[in-house]
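Please read these numbers as outputs of a predicted model, since none were measured by experiment.
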Amino acid sequence: MTKQYSGSPEDADLRRADSLAREIFTNVANKWALLIIEALGDRTLRFGEVRNEIEGISHKMLTQNLRMLERYGLIERTVHPTVPPRVEYTLTEPGQALRVTIDGLCDWTHRYLGHIEASRHRFDA
């Protein structure tokens with residue numbers, strides 16, 4: 001059973017600039033967050049492993065996005081009491097649910113990549 005939002009309709013209205021839904025959408029729908037969620041998948045990874053999975057992401061951007069995803073409850077950060085501390089990241093249930101949507105976006109991209117590239121060439125000509 002899917003849990004539904006129980007706040008006011010205004011908080012869930014993406015059209016409103018001050019809605020919580022828009023804030024969530026804006027923060028979660030950035031390229032790094034989407035790639036982090038896709039990289040984690042069903043796995044638990046350490047910081048360096050996540051960074052190695054995502055070409056071009058800086059230490060700072062990875063840190064900021066992991067913190068944001070943790071704040072929204074999409075990933076779980078586990079610190080193991082070792083020296084040095086071992087920190088691992090895994091998707092939560094809502095994170096896994098979002099991953100299904102991201103997988104669909106990835107499938108769409110692969111399916112229409114040729115079409116989009118041809119359109120870009122026609123437009124730019």
If the condition is side-chain contact (heavy atoms from CB on, under 4.5 Å), which residues does R46 pass it with, not counting sequence neighbours?
E49, R86, E88
Enter the distance from I54:CD1 to M61:CE here, rounded to the nearest 0.5 Å.
11.0 Å
Could you work out, with side-chain hydrogen bond (donor to acceptor under 3.5 Å, both in side chains) as the rule, every residue matching D103, not counting sequence neighbours?
none
Within the structure provided, determine whether L40 and L45 are in side-chain contact (heavy-atom separation under 4.5 Å).
yes
Atom CD in E38, atom CG in L98: separation rounded to 0.5 Å?
10.0 Å
With L34 via side-chain contact (heavy atoms from CB on, under 4.5 Å) - residues at least two apart:
I102, L105
Check side-chain hydrogen bond (donor to acceptor under 3.5 Å, both in side chains) between T90 and all other residues, then give those that pass, not counting sequence neighbours.
T44
ring-ring contact (aromatic ring centres under 6.0 Å, His included) contacts touching residues 23-45 (sequence neighbours left out):
none
Starting at OG1 of T109, measure out to CG of L113 and round the result to the nearest 0.5 Å.
7.5 Å
Assess the residue pair L91 and E76 against the criterion (side chain to side chain contact (heavy atoms under 4.5 Å, CB included)); give the C-alpha distance rounded to whole Å, side-chain angles, the decisive distance to 0.1 Å, and a yes or no.
CA-CA 6 Å; L91 293 177; E76 183 176 299; over 6 Å; no
What pair of heavy atoms forms the shortest contact from G41 to Q96, and how long is it?
O-NE2, 2.9 Å
With sequence neighbours left out, the residues meeting side-chain hydrogen bond (donor to acceptor under 3.5 Å, both in side chains) with S119 are R122
By side-chain contact (heavy atoms from CB on, under 4.5 Å), A33 pairs with (sequence neighbours left out) N30, N65, M68, L69
Plane angle bin for W108 and Y112 - parallel if under 30°, tilted between 30 and 60°, otherwise perpendicular:
tilted
By side-chain contact (heavy atoms from CB on, under 4.5 Å), F47 pairs with (sequence neighbours left out) R51, H59, L62, T63, L66, Y89
What pairs with D107 under salt bridge (Lys or Arg N to Asp or Glu O under 4.0 Å), at least two apart in sequence or on another chain?
none
Strictly by salt bridge (Lys or Arg N to Asp or Glu O under 4.0 Å), give each pair with a member in residues 53-75 just once, sequence neighbours left out.
E23-R71, R43-E53
Enumerate the salt bridge (Lys or Arg N to Asp or Glu O under 4.0 Å) contacts for residues 109-120, please, sequence neighbours excluded, ordered by first and then second residue.
E117-R120
Quick one: does H80's side chain get under 4.5 Å of P85's, heavy atoms only?
no
Treating Ile, Leu, Val, Met, Phe, Trp and Tyr as nodes and any side-chain heavy-atom pair under 4.5 angstrom as an edge, say whether Y72 and V100 lie in one connected cluster.
no
Contact check, side chains of T92 and I75, non-hydrogen atoms, under 4.5 Å
no
